[in-house]
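Below, read A as the first sequence line, B as the second, and so on, with proteins coming before strands; counting in each chain starts at 1. Quick caveat, the model's predicted, so the values are computed rather than measured.
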Amino acid sequence: MKAEAKQLYGIVAEFDTTSAVLAAARQVRAAGYSKLDAYAPFPVHGLDEAVGAPPRALPKLIFCGGLTGGLAGFFMQYFACVIHYPLNIGGRPFNSWPSFIPITFECTILFAALTAVLGMLALNGLPKPYQPLFAVPAFKRASQDRFFLCIKSRDPKFDASQSRRVLEQTGALGVYDVEAC
Amino acid sequence: MPVTMDTMSNSGNNQNQFSGGRRLALGLGVAGLAICLGLGLSQREAAMEAYLLAYLYWTAVALGCFSLLLLQYVSGGRWGLAIRRFLEAGASTLPLMAVLFIPILMQLKALYPWADPEVVAHDELIQMKVAYLNPTAFAIRTAVYFAVWIIISRLVIRWSRKLDAGDDPAIEARTRRLSAPALVIYSLTVTFAAFDWGMSLEPHWFSTIYGVIYAAGGALAALTLSTVVLSRVGPKGPHAAFMKPETIGDLGNLMLAFTMFWTYVSLSQFLIIWSGHLPEETPWYYVRLHGGWQWVGLGLLGMQFGLPFLLLLSRDRKRNLNRLAGVAIFILVMRYIDLYWLIVPAFTDTLRLRVLDVVAMAGIGGIWFAVYLRSLASAPLLPVRLTRDATGGGDHHG
Amino acid sequence: MATEPKVEKFDSAVLRGRHSYDTVTDKIASIVLTRNQPRAWIFGAAIAFSLLMLFLYTAAMVVAKGIGIWGNNVPVAWALDIINFVWWIGIGHAGTLISAILLLLKQDWRTSINRFAEAMTLFAVACAGMFPLLHLGRVWVFYWLMPYPNTFALWPQFRSPLVWDVFAVSTYALVSLMFWFVGLIPDLATLRDRAQNRAAQIFYGVLAMGWSGSARHWSRYETAYMILAALSTPLVLSVHSVVSFDFAVSVLPGWHTTVFPPYFVAGAVFAGFAMVLTLAIPLRKIYGLQDLITMKHLDNMAKVMLATGLIVIYGYAMEGFMAWYSGSPNERFMMYNRLFGPYGYTYWLLLLCNFVAVQFLWSPRIRRSTLGLFIVAMFVNVGMWLERFVIIVTSLSRDFLPSSWAQYHPTFWDTGLFIGSIGLFLTLMFVFIRLLPMISIFEMRDLVHKTGGGSPRESAENKRK
């Protein structure tokens, strides 16, 4: 039993409609599993909630990124023009804050956008070019026209044969073992 | 949500609706204008300055309603249907504003330097513009603006009422066809109206974006006013079945967009003039950034942009009508302060606050609201024919 | 060909015909995952590549000999280089508008055109960037534009709009690239899983970074994508506003006017939509994408073009009126010179292209005819280039000091570089069409789902409802 569980990454079931995979996810959750994930070829509304608490950290991170960018952008100019190298240009004050607005704005956007993209990738654990699920031949269609639901072996309730039965009861088109790599 | 006959009958033509509000507004308006007139006999200039400021505020709201009314026909969308009747009511005050312009025409010399031959005789720059800036041309142009606005708004409103009465549904398409060219005509007329009424108070100064700033401020005021009215009548009336959180969210997003647009045009005008530092242009900002006015300007940056911007970022606030209406009231007040900062420094170098300004606001505002509410009571609060389908089952696809 | 009707039938659908997840996937992915290309691709790519050679040649000569070989002089120290810069960067704006603003407005019709419109943005920004870089003369010290710790103890001049431009354009390029790439990730995974040969599997596999389509990943992905859209919207407005500041914060009549920022932004979107139409009309024909890029799309784009065109005309009207109203002799002369001076013909041509030609878009018949639209779009492409010529060259050639007035005549190196940059743009476009899906596949699946389709079983279920 133990040896087998170690070799497995999880068990995955295949569906052909969004409603089927949503129903299955709820059913498996109701059966007491917590470490599961669903896979879809496009964002399916409500699927993230069906497999567990949806992640919510990103917007706050992006707000902080933008704030940092804006402050850094403004004070970089302030430091250059007022503290480090004050220079009279066209009789304008050293602290020409109206002229500093555009760059402050651009830096805000740049930092926020970088935080959005890098934050999204980091929280998703990407890049990670190879994943155990890719060894399942049917899983190729997860990026095309099929939906999948996977119970992971990390789940405290995981039991190869019983979990397989739970997935089969959801009306899946097929259920496959996923070997750990 | 299916619409029962109950909610529909609620929206029926009810002349008694808002009668209390109308009486109160009318009383306030007449009293305010009477005080203005009384004080005007002794302090003519002060009374006219207060009158013009209040006039420009309420005209901006009326024109904003008019432009949004046309815009929602062009763009479509549920938010437009939800506030269409409020916008119609706002646009139907335009004939009133035309009448209220007469005192300004009678007292041009008290307000506009170019209307005073003494001033023009000693000012070469104004002499260059005399072909445009003279009382006759000014009066004719104003008459043309109002004629155009009143004709278009009458047509659009009449067609919308006809549709309710069960007339030809093709009328909606006809209104839509009129709206796009009407918006083109509107944008040109409102621009020159803003040049005439506001910009020419300081006849040396000029800015090509001035008309856009005035029109955008008016649209923002109209949108916020409609949101406030919606939050008053919405929960009880037919809107209860029609409104969805997304519809309120759309209003909130539009409010955010107009707030940002106002900031964008105002700040870029400032940046361009500040950087150019030309003797024809800079004095306009110099006055507005000295003698106490600078605090008003700074306050505008924080309160007309900063605070509403931060408040309107929240998705939850944008989906809750009462909380959104709170922001809307705040913006409506800030619209007045913005106009104050735009107009009053033309008359005085130092910041001043006059009771008369408030009295004039109440005077014109009271009468404005009386007309607004009368128009609101004259028709169902939602366009019946169109929303019946939209409320019933418009959401099933395929 | 003869049997095909001249005018496609107009219906308001953004997705025509019966489609399911696998048919849209197959339709779009197979354009990329094939050894065969339509003859039009080979033919077009060959022309584009030849023009690219012209670009490389002229650019190399400019770097080797210096910008003295251009026709620039004093007072016309800025000419085709900045005209081309503004023209290209403006074209890019439509891509961001389609991908970001229409996403926020929940407009379904953006789905089938956003990918290549975004690619167009990137390539247009790349072309735009070439011109100020080459105008530096010593292009290899371009990094002096950036603030960085240096032994000269000097900083960029932060009060100058040209430095704002550096920040705005590089932020724009970077954010557009990220937006485009993030949009591509799920499609790259699709191509990875569909590719038959090993090289393609590795190529797309590395780029897809291991995207598995996990529900949690999608959740964060959608959040990030929506926020990127919300950030790109003010960004795109700021970029062309900053470009307009390059002129407006100076004191030159014809440049210094407060309507410039919104008027430049509208002009940029206007030019950009003209370019999207210029590309989309032949593309949908060559690749048979009429079901996915429908007449509804073209009609909508024509409407946006009309609206932004009218704003641009509003800008012309304000410039004209205010030049007179200002009472300033310099302003009044500028307008007179624009209309009747030695370059007067460019202004009248500009009005023909941007004012007269656009009015045809009021007619639904023109908006719904691919040929009519294509012709109007070509007029706008030319008109928006002329607009920048009028603003820049006409104003500079006759400025405050009549003794220094001079005419500007572009040399071969000016025009060669401009025509060559079109080659650079088109080459990048052809490579993109060959290597990456030009329509977002996952968003098309989403659209199929939203319009009641899906897998065979799903559409049957929906029909029963």
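- Looking only at distances, no side-chain donor or acceptor of Ser96(A) sits under 3.5 Å from a matching main-chain atom of Arg159(C).
- Salt-bridge annotation for Asp48(A) and Arg220(C): absent, with no side-chain N of the basic residue lying under 4.0 Å from a carboxylate O of the acidic one.
- The aromatic rings of Phe158(C) and Trp155(C) lie tilted to each other, with the angle between the two planes from 30° to 60°.
- Proximity to chain C (any heavy atom under 4.5 Å) is shown, for Leu133(A), by neither the backbone nor the side chain.
- For Leu123(A), the parts lying under 4.5 angstrom from a heavy atom of chain C are both the backbone and the side chain.
- Neither the backbone nor the side chain of Leu191(C) comes within less than 4.5 Å of any heavy atom of chain A.
- Within the 4.5 Å cutoff, no side-chain heavy atoms of Arg146(A) are placed close to those of Phe139(A).
- Interface residue Ala168(C): backbone and side-chain heavy atoms are both found under 4.5 Å from chain A.
- Most heavy-atom pairs under 4.5 Å with chain A: of the set Ser214(C), Ser219(C), Ala224(C), Pro147(C), this distinction falls to Ser214(C).
- Screening Phe264(C), Phe260(C), Phe247(C) for a ring pair (Phe, Tyr, Trp, His ring centres under 6.0 Å) with His240(C), the sole residue that qualifies is Phe264(C).
- Residue Cys107(A) touches chain C through its side chain alone, counting heavy-atom pairs closer than 4.5 Å.
- Using a 4.5 Å cut-off between heavy atoms, Pro234(C) touches chain A through backbone and side chain atoms alike.
- Between chain C and the options Ala142(A), Ala112(A), Gly90(A), heavy-atom pairs under 4.5 Å are most frequent for Ala112(A).
- Note: Tyr130(A) and Phe134(A) have perpendicular aromatic rings, judged against thresholds of 30 and 60 degrees for the angle between ring planes.
- The candidate with the highest count of non-hydrogen atom pairs below 4.5 Å against chain C, out of Gly66(A), Gly125(A), Ala40(A), is Ala40(A).
- Ranked by heavy-atom pairs shorter than 4.5 Å toward chain A, the options Val242(C), Val175(C), Ile227(C) are led by Ile227(C).
- Two rings, from His93(C) and Tyr172(C), have their centers less than 6.0 Å apart.
- Note: Ile89(A) leads Ile101(A), Ile89(A), Thr115(A), Thr108(A) in heavy-atom pairs under 4.5 Å with chain C.
- Side-chain N/O atoms of Asp159(A) and Ser161(A) include a donor and acceptor closer than 3.5 Å.
- Heavy atoms of Gln77(A) lying under 4.5 Å from chain C belong to its backbone as well as its side chain.
- Under 4.0 Å is where a charged nitrogen must lie from a carboxylate oxygen, and between Asp187(C) and Arg115(C) at least one such pair does.
- Looking at Val182(C), only its side chain comes within 4.5 Å of chain A, counting heavy atoms on both sides.
- For the set Asp37(A), Leu126(A), Leu47(A), the entry with the most heavy-atom pairs within less than 4.5 Å of chain C is Asp37(A).
- Looking at Phe63(A), there are no atoms closer than 4.5 Å to chain C (heavy atoms on both sides), in backbone or side chain.
- Taking the six-membered ring where the residue is Trp, the centroids of Phe167(C) and Phe105(A) are separated by 6.0 Å or more.
- Most heavy-atom pairs under 4.5 Å with chain A, from the set Glu222(C), Met209(C), Gln157(C): that is Met209(C).
- Both the backbone and the side chain of Pro43(A) come within less than 4.5 Å of a heavy atom in chain C.
- Glu118(C) and Thr96(C) share no donor-acceptor pair across their side chains, judged by distance under 3.5 Å alone.
- In terms of heavy-atom pairs under 4.5 angstrom with chain C, the leader among Arg92(A), Lys128(A), Arg141(A) is Lys128(A).
- Residue Leu231(C) touches chain A through both its backbone and its side chain, counting heavy-atom pairs closer than 4.5 Å.
- Both the backbone and the side chain of Trp164(C) come within less than 4.5 Å of a heavy atom in chain A.
- The CD1 atom of Ile109(A) lies 5.5 Å from the CG atom of Leu235(C); values are rounded to the nearest 0.5 Å.
- Ranked by non-hydrogen atom pairs under 4.5 Å with chain A, the options Pro161(C), Ser212(C), Ala189(C) are led by Ser212(C).
- Counting heavy-atom pairs closer than 4.5 Å to chain C, the top residue among Ala113(A), Pro59(A), Gly119(A), Ala116(A) is Ala113(A).
- For the residue pair Arg194(C) / Gln144(A), a side-chain donor-acceptor distance below 3.5 Å is found, with atom types taken as modelled.
- Between Tyr33(A) and Ser163(A), the side chains place a donor N or O and an acceptor N or O closer than 3.5 Å (distance only, hydrogens not considered).
- Heavy atoms of His45(A) lying under 4.5 Å from chain C are absent altogether.
- Only the side chain of Leu228(C) comes within contact range of chain A, judged by heavy atoms closer than 4.5 Å.
- Side-chain contact, Gln162(A) with Arg165(A): no donor N or O sits under 3.5 Å from an acceptor N or O.
- Interface residue Leu121(A): only side-chain heavy atoms are found under 4.5 Å from chain C.
- The aromatic ring centres of Tyr221(C) and Phe442(C) sit less than 6.0 Å apart.
- Only the backbone of Leu36(A) has a heavy atom closer than 4.5 Å to any heavy atom of chain C.
- Taking chain A as the reference chain and counting heavy-atom pairs below 4.5 Å, the highest number among Val239(C), Thr171(C), Leu154(C) is found for Thr171(C).
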